[in-house]
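Before any comments, here is the structure.
Throughout, a chain's letter reflects where its sequence line sits, starting with A, and its residues are numbered from 1. Because the structure is predicted, anything quoted here is derived from the model rather than measured. The basis for the numbers below is simple: all heavy atoms, side chains too, and nothing from hydrogens, waters or symmetry mates.
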Amino acid sequence: MNVASVIVDVAAMQTDRPFDYEIPERWREVIQPGMRVIVPFGPRHVQGFVLEIKEDTEIRKLKPIVEPMDIVPVLSEELMKLAQWLTIESLCFKISALHVMLPAAMKAKYSKLIRLTGEKSLSPELASLFEDQTEIPWEVASEADALTDIRKEVKNGTIEVIYSVKSKGRTKTVRMVKCLLSEETLAETVETIAKNAVKQKEALLAFSGRRGDWLTLKETGMSPATAKSLIRKGWIEEKQEEMYRDPHSGRHFEPDKPLSLTENQQEAIAPILATITDGTTETFLLHGVTGSGKTEIYLQSISRVIEKGQEAIVLVPEISLTPQMTERFKRRFGNDVAVLHSGLSIGEKYDEWRKISRKEVKVVVGARSAVFAPFENIGLIIIDEEHETSYKQEENPRYHARDVAIWRAAYYKCPVILGSATPSLESFARAKKGVYTLLTLDRRVNDRPLPSVDIIDMREELREGNRSMFSRTLFDKIKDRLEKEEQTVLFLNKRGYSSFIMCRDCGYVAGCPHCDVSMTYHRHRHQLKCHYCGYEEPAPNICPECGSEHIRHFGTGTQKVEEELLKLLPEVRIIRMDVDTTGTKGSHERLLRQFANKEADILLGTQMIAKGLDFPNITLVGVLSADTMLHLPDFRSSEKTFQLLTQVSGRAGRHHLSGEVVVQTYTPEHYSIQLAAEQNYESFYQKEMMMRNMGGYPPFYYLALINVSHKEAIEASSAANKIVAKIKPSLSQAAVILGPVASPIARINDRYRWQCLIKYKREPKLTVVLKEVLEHYAKQGKSNGLLVSIDVHPYMLM
DNA sequence: AGCACGCCGACT
DNA sequence: GTCGGCGTGCTC
């Protein structure tokens with residue numbers, strides 16, 4: 001057993017296979033599969049993951065492993081298998097699949113150094129570069145244009161190039177000190193200390209009664225300088241203790257007790273508890289209307305899992321990973337919970353990951369990537385708001401957390417709960433087919449009625465002369481809430497509707513010069529910004545096309561709504577939540593707290609306020625423009641609209657005050673708006689399934705999307721055509737290929753984009769052919785600048 | 001992906 | 001004649 005098969009940290013088609021290395025004698029007992037190692041690869045050193053340990057290999061010129069990066073494997077056998085599966089399912093590189101399972105802190109950091117060997121002296125120019133150091137970063141030499149000289153010196157042997165590999169993250173340590181003096185000598189020693197060494201005296205006295213304990217410097221009250229001199233005198237010793245960064249430091253979570261379940265909840269939880277007890281795998285779809293108490297079912301199921309000595313993973317969409325949500329878990333399970341969300345620093349995430357890895361916690365609550373939590377005895381995986389598209393990763397590996405959860409649950413023989421008030425069509429269809437077990441919560445806790453919903457036809461408003469963005473009904477209701485001192489939530493569906501600049505004379509719209517999209521207007525800096533490539537420029541004051549001064553920002557950004565509202569109701573207190581106001585860390589939390597404390601009458605925001613808000617004083621929810629995303633070129637747009645409207649409506653009247661919802665729209669007759677207003681999921685499901693069947697879309701067909709991009713439109717389009725020609729013969733009659741066509745956003749970052757969509761039911765050969773396409777274009781495309789990417793089961797069709 | 005090797009044009 | 005441009009091919 002002295003050969004290790006290693007996946008190296010080079011994401012490329014040609015290196016996407018194991019490379020064999022000799023395990024040096026001294027590491028034979030140490031190195032195991034799932035560990036990270038540093039290996040020589042060509043002239044440099046790279047990080048790699050040990051796949052397996054073998055007796056022998058075909059390869060003759062084996063190089064030895066430089067050094068292991070871990071003492072114990074960072075990936076379990078299960079996660080290694082999962083990575084293998086991910087690679088095949090999502091057509092990604094093995095290294096990408098391995099990386100996605102680990103915190104960013106464990107990614108390798110590469111640096112190149114040049115070092116003097118000290119054999120001969122250097123030319124004065126190079127010597128001045130080094131000054132009196134023996135090592136300098138490669139970049140320093142490169143910037144000084146000294147690379148040619150260095151190459152020569154490397155040949156001469158006076159300089160060597162060092163390729164260094166380090167782990168990005170560091171463990172945080174704290175300095176601990178312990179008194180080495182016995183209780184009696186401590187008192188004596190204190191007497192002998194020089195009179196002016198007051199600090200040392202105080203420090204030693206801090207140890208009285210706790211002589212044998214390790215204390216932090218803070219606890220003893222001594223400064224680093226004092227510690228240093230006491231160590232020199234041999235009176236105390238020190239060590240570095242590893243510690244966790246605590247993102248919740250200083251916060252206390254009041255413990256809570258399980259609530260008693262309603263009859264409805266009891267019926268739903270019973271089958272879940274049974275599978276937990278039996279240790280069988282099963283996927284439950286928990287379909288519960290907003291406010292029906294899904295979270296309590298999660299909490300009590302987890303309790304059962306913990307009692308059984310197992311662990312649980314809870315996934316929530318990033319935007320609902322708010323303090324309100326996580327607090328419930330912290331209160332119920334105390335220190336048994338780790339929370340993983342994007343607000344944590346790399347170091348904090350690393351610490352949470354280590355707590356999980358060491359089994360110091362029993363429950364993980366986190367966004368998509370938490371599905372890879374390194375537990376080894378999983379008893380339950382929960383995906384809340386199952387329908388959320390954020391569970392699909394849009395970069396490689398393009399995985400869906402739901403699929404990963406089901407894979408892991410099958411491995412550990414445990415249940416999965418998919419919870420939602422508005423399940424995705426895919427999941428609901430599977431539940432109807434009996435692939436998943438459907439559990440229904442059709443009543444709100446305490447039988448509070450669902451809010452009443454008014455649909456307002458904005459065309460009608462316009463016809464009757466109301467040109468504001470508030471219908472009369474909505475405006476009256478807002479005024480009414482102000483009088484009653486109740487709170488209102490106004491929801492603006494921003495997608496595809498952010499403010500842009502348009503000339504009212506010639507119709508010119510300010511577009512990005514590098515992408516085929518209009519740029520977004522940022523009022524505070526009077527700038528235009530492209531959300532796809534990041535390009536920015538000052539907003540024009542006159543039209544660049546016709547010179548007209550009638551150029552202004554259009555669309556209904558949240559800022560505009562706020563302005564108009566303040567014009568109509570100068571007294572009103574508004575909290576605006578959008579990308580502008582929630583940019584800084586913790587601002588999201590702060591704004592919500594302000595609203596909860598009734599420091600504002602109206603909460604105005606985008607997507608991010610659709611979820612998880614649960615404040616008793618909200619009695620009115622207004623949706624300013626329900627149909628803005630209905631017209632996007634996406635077969636899921638009706639489903640998304642329905643889900644969003646249902647979610648938002650659910651924010652009103654969750655407590656003793658009953659709620660009202662006003663939905664403004666230009667297409668009031670659309671079924672997703674009508675049925676969302678009725679909160680009629682079943683009818684929506686039926687209707688939408690009919691549409692999907694007609695269009696040949698999921699869940700009736702699977703999809704695979706091929707994207708091709710190139711600087712030249714012709715190149716992109718001809719490559720796309722060739723790809724289709726190559727794939728077509730391998731597919732059955734039942735498969736449909738749409739395209740190739742130019743992508744809905746035909747150009748991003750000066751690259752023209754073409755795509756084609758494959759619709760299929762069962763194509764055993766498809767993944768093989770797609771892999772071949774990728775391989776072919778990885779080789780060829782590198783030289784001519786063509787980029788090909790494939791998304792199996794895509795969510796983003798743009 | 002990086003990096004070296006290798007084969008052709010513009011310079012001391 | 002050399003320096004250095006970037007096409008090609010390899011990395012256990």
Every protein N/O lying under 3.5 Å from an N/O of nucleotides 1-10 of chain C:
none

Contacts satisfying salt bridge (Lys or Arg N to Asp or Glu O under 4.0 Å) that involve residues 740-750 of chain A (not counting sequence neighbours) are A/Asp516-A/Arg747, A/Arg747-A/Asp750
Residue pairs meeting ring pair (Phe, Tyr, Trp, His ring centres under 6.0 Å), one or both in residues 42-77 of chain A, sequence neighbours left out, come to A/Phe49-A/His99
- Base, sugar-phosphate alone, or nothing: which one does A/Ile59 contact when heavy atoms must sit under 4.0 Å apart? base
Checklist entry - Relative to A/Phe19, does A/Arg17 satisfy both conditions: NZ or CZ under 6.0 angstrom from the six-membered ring centre, and within 45 degrees of the ring's axis? => result yes
By ring pair (Phe, Tyr, Trp, His ring centres under 6.0 Å), A/Tyr244 pairs with (sequence neighbours left out) none
Taken to the nearest whole Å, CG/A/Asp9 to P/C/dT11 is 19 Å
Within residues 41-48 of chain A, those residues having any heavy atom closer than 4.0 Å to DNA chain B are A/Pro43, A/Arg44
Using a cut-off of 4.0 Å on non-hydrogen atoms, how would the nucleic acid contact of A/Phe93 be classed: base, sugar-phosphate, or nothing?
nothing
Here the distance between atom P of C/dC12 and atom NZ of A/Lys54, to the nearest Å, is 14 Å
Which is true for A/Arg151 with a 4.0 Å heavy-atom rule: it touches a base, it touches only sugar-phosphate, or it touches nothing? nothing
Sugar-phosphate only, base, or nothing, as touched by A/Pro18 at under 4.0 Å among non-hydrogen atoms:
nothing
The salt bridge (Lys or Arg N to Asp or Glu O under 4.0 Å) partners of A/Lys728 (sequence neighbours excluded) come to none
With sequence neighbours left out, the residues meeting side chain to side chain contact (heavy atoms under 4.5 Å, CB included) with A/Ala719 are A/Val708, A/Tyr777, A/Leu786
Sorted by chain and residue number, the side chain to side chain contact (heavy atoms under 4.5 Å, CB included) partners of A/Ser424 (sequence neighbours excluded) come out as A/Glu386, A/His387, A/Arg402, A/Glu426, A/Ser427, A/Glu639
Could you walk me through whether A/Lys711 and A/Glu715 satisfy the salt bridge (Lys or Arg N to Asp or Glu O under 4.0 Å) test, starting with their C-alpha distance in whole Å, then the side-chain angles of each, then the deciding distance to 0.1 Å, before giving a yes or no? CA-CA 8 Å; A/Lys711 291 251 179 232; A/Glu715 294 289 328; over 6 Å; no
Applying salt bridge (Lys or Arg N to Asp or Glu O under 4.0 Å) to A/Asp70 and not counting sequence neighbours gives A/Arg36
Taken to the nearest whole Å, NZ/A/Lys63 to C1'/C/dT11 is 7 Å
Here the salt bridge (Lys or Arg N to Asp or Glu O under 4.0 Å) pairs for residues 5-15 of chain A, sequence neighbours left out, are none
Residue set satisfying salt bridge (Lys or Arg N to Asp or Glu O under 4.0 Å) with A/Glu712, at least two apart, ordered chain then number -> none
The first and last nucleotides of DNA chain B lying within contact of chain A, meaning any atom under 4.0 Å from one of its heavy atoms, run from B/dA1 to B/dC3
